[in-house]
Amino acid sequence: MILHRWGATDEEVAAPVVGDELLAHARLVATRAVTIAAPPGEVFPWLRQMGFGRAGWYSYDLIDNLGRRSARTIHDEWQGLRAGDPVPGGPVDFEAVTVEPPHALVIRLGRGPDDARRIRFVLAYELRDHPVGTRLVTRVRATVKLPFGRLVERFLLGPGDGIMLRRQLLNVKLRAESART
């Protein structure tokens, strides 16, 4: 599916991404990417402040932020995210697993391999140096252990996440590049 690898090269899809080991046997794996004309140090703060009730998710605000517009500026008060901190997601909180400015941010729903949660989800952002500025590569890894879980992964979670994350990446690109002018 195109949404499972939107913007990503064959090499990016095949290569490891930070956080892959957190859900090594995921049934849904999707890699998406975008090139941003700003260095990683100027892109990372946009990611670090994400979350419901914070900067939002930069996607479709009506869906993932209850209509509140995602931030259009960097907010110092939301830049303190550290590994182990909660990342508010609305009805559920994610956990920041990896916070390594300016090159990596990983959030997850569900903890280690023995976590009994029915839905396990890891979202990784890897900011790579690029001649233009930054290559932002994301990887979603998920497993839904519910009746019809494989159908949920394939026909709901995969496409839905693909649509939302594509918009998120384009909006992070827009914000980071606009902040430079």
Side-chain angles (χ1 to χ4, degrees), residues 3-8 12 17-19 22 30-110 119 121-130 132-142 156-181:
L3 292 174
H4 279 79
R5 58 167 299 147
W6 179 85
E12 289 165 338
V17 171
V18 62
L22 296 172
T31 306
R32 291 100 175 200
V34 67
T35 301
I36 302 172
E42 293 178 17
V43 177
F44 191 83
W46 294 99
L47 302 176
R48 191 176 208 164
Q49 69 184 14
M50 288 187 305
F52 182 80
R54 293 170 37 109
W57 295 100
Y58 311 118
S59 188
Y60 294 95
D61 291 333
L62 187 61
I63 297 169
D64 64 16
N65 211 27
L66 294 180
R68 181 176 164 216
R69 286 182 79 178
S70 292
R72 300 205 174 269
T73 60
I74 299 296
H75 290 258
D76 290 338
E77 67 271 24
W78 295 326
Q79 293 301 311
L81 184 69
R82 307 235 183 278
D85 287 350
V87 177
V92 296
D93 281 347
F94 295 94
E95 174 194 13
V97 179
T98 304
V99 183
E100 297 174 359
H103 293 291
L105 174 66
V106 181
I107 63 174
R108 73 176 165 194
L109 179 64
I119 300 173
F121 183 90
V122 174
L123 175 54
Y125 299 87
E126 198 168 276
L127 296 88
R128 300 174 180 171
D129 291 316
H130 186 275
V132 170
T134 301
R135 186 71 175 155
L136 177 54
V137 179
T138 67
R139 177 148 308 143
V140 169
R141 302 179 72 82
L156 292 175
L157 183 58
D161 179 73
I163 291 166
M164 300 298 282
L165 200 54
R166 178 184 176 277
R167 177 71 176 250
Q168 180 188 73
L169 292 176
L170 292 173
N171 279 333
V172 167
K173 172 184 172 70
L174 176 69
R175 284 163 170 78
E177 290 178 351
S178 295
R180 302 200 89 213
T181 59

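- Contact annotation: the side chain of Arg48 never approaches that of Tyr125 to less than 4.5 Å [non-hydrogen atoms, C-beta and beyond].
- We find the OH-CE distance between Tyr58 and Met164 to be 14.0 Å, quoted to the nearest 0.5 Å.
- Expressed to the nearest 0.5 Å, how far CG of Leu22 lies from CD1 of Ile107 amounts to 12.0 Å.
- Taking the side chain as every heavy atom from C-beta outward, Ile163 and Tyr60 approach each other to under 4.5 Å.
- Summarising the geometry, atom CG belonging to Leu66 is positioned 10.0 Å from atom CG belonging to Asp61; distances are rounded to the nearest 0.5 Å.
- Taking all atoms of both residues into account, the shortest heavy-atom contact from Ala38 to Ala176 is CB-O, 4.1 Å.
- Taking both residues in full, the closest heavy atoms of Leu136 and Val172 are given as CD2-CG1, 4.3 Å, listed atom of the first, atom of the second, then distance.
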Go through the steps for Asp129 and His103 under the test side chain to side chain contact (heavy atoms under 4.5 Å, CB included), then give the verdict.
CA-CA 9 Å; Asp129 291 316; His103 293 291; 3.9 Å; yes
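- Arg128 meets the side-chain contact (heavy atoms from CB on, under 4.5 Å) test with Glu12, Val17, Glu126, Arg135, Val137; sequence neighbours excluded.
- Between the side chains of Thr31 and Arg5, no donor N or O sits under 3.5 Å from an acceptor N or O.
- Checked against side-chain contact (heavy atoms from CB on, under 4.5 Å), Ala83 has no partners two or more places apart in sequence or in another chain.
- Within the 4.5 Å cutoff, the side chain of Leu47 has heavy atoms near those of the Leu127 side chain.
- Taking all atoms of both residues into account, the shortest heavy-atom contact from Ala124 to Val18 is CB-O, 3.1 Å.
- Ser70 places no side-chain N or O within 3.5 Å of a backbone atom of Gly56 that could act as its donor or acceptor partner.
- The aromatic rings of Phe94 and Trp57 sit perpendicular to each other, their planes meeting at more than 60°, with 30° as the lower class boundary.
- Smallest separation of non-hydrogen atoms from Asp64 and Ser59: OD2-CB, 3.0 Å.
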Apply side chain to side chain contact (heavy atoms under 4.5 Å, CB included) to residues Ile74 and Gln79 and explain how you reach the verdict.
CA-CA 8 Å; Ile74 299 296; Gln79 293 301 311; 3.8 Å; yes
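- Residues that satisfy the side-chain contact (heavy atoms from CB on, under 4.5 Å) test with Asp85, not counting sequence neighbours, are Leu81, Arg82.
- The minimum heavy-atom distance between Thr134 and Pro40, with the atom names listed, is OG1-N, 2.8 Å.
- Residues in residues 30-52 take part in no ring-ring contact (aromatic ring centres under 6.0 Å, His included) pair, two or more places apart or across chains.
- Atom OG1 of Thr138 is separated from atom CD of Gln168 by 7.5 Å, given to the nearest 0.5 angstrom.
- Val97 is not listed as a side-chain neighbour of Val122, based on a closest heavy-atom distance of 4.5 Å or more.
- For the atom pair Leu165 CG and His4 NE2, the distance stands at 11.5 Å (nearest 0.5 Å).
- Here Leu170 contributes atom CG and Ile36 contributes atom CD1; the two are 9.5 Å apart, rounded to the nearest 0.5 Å.
- Not counting sequence neighbours, the partners of His75 by the ring-ring contact (aromatic ring centres under 6.0 Å, His included) test are Trp78.
- The salt bridge (Lys or Arg N to Asp or Glu O under 4.0 Å) pairs that include a residue from residues 157-175 are Arg32-Asp161, Lys173-Glu177, where partners are two or more places apart or lie in different chains.
- Between Arg54 and Arg68, the closest heavy-atom pair is O-NH2, 3.2 Å.
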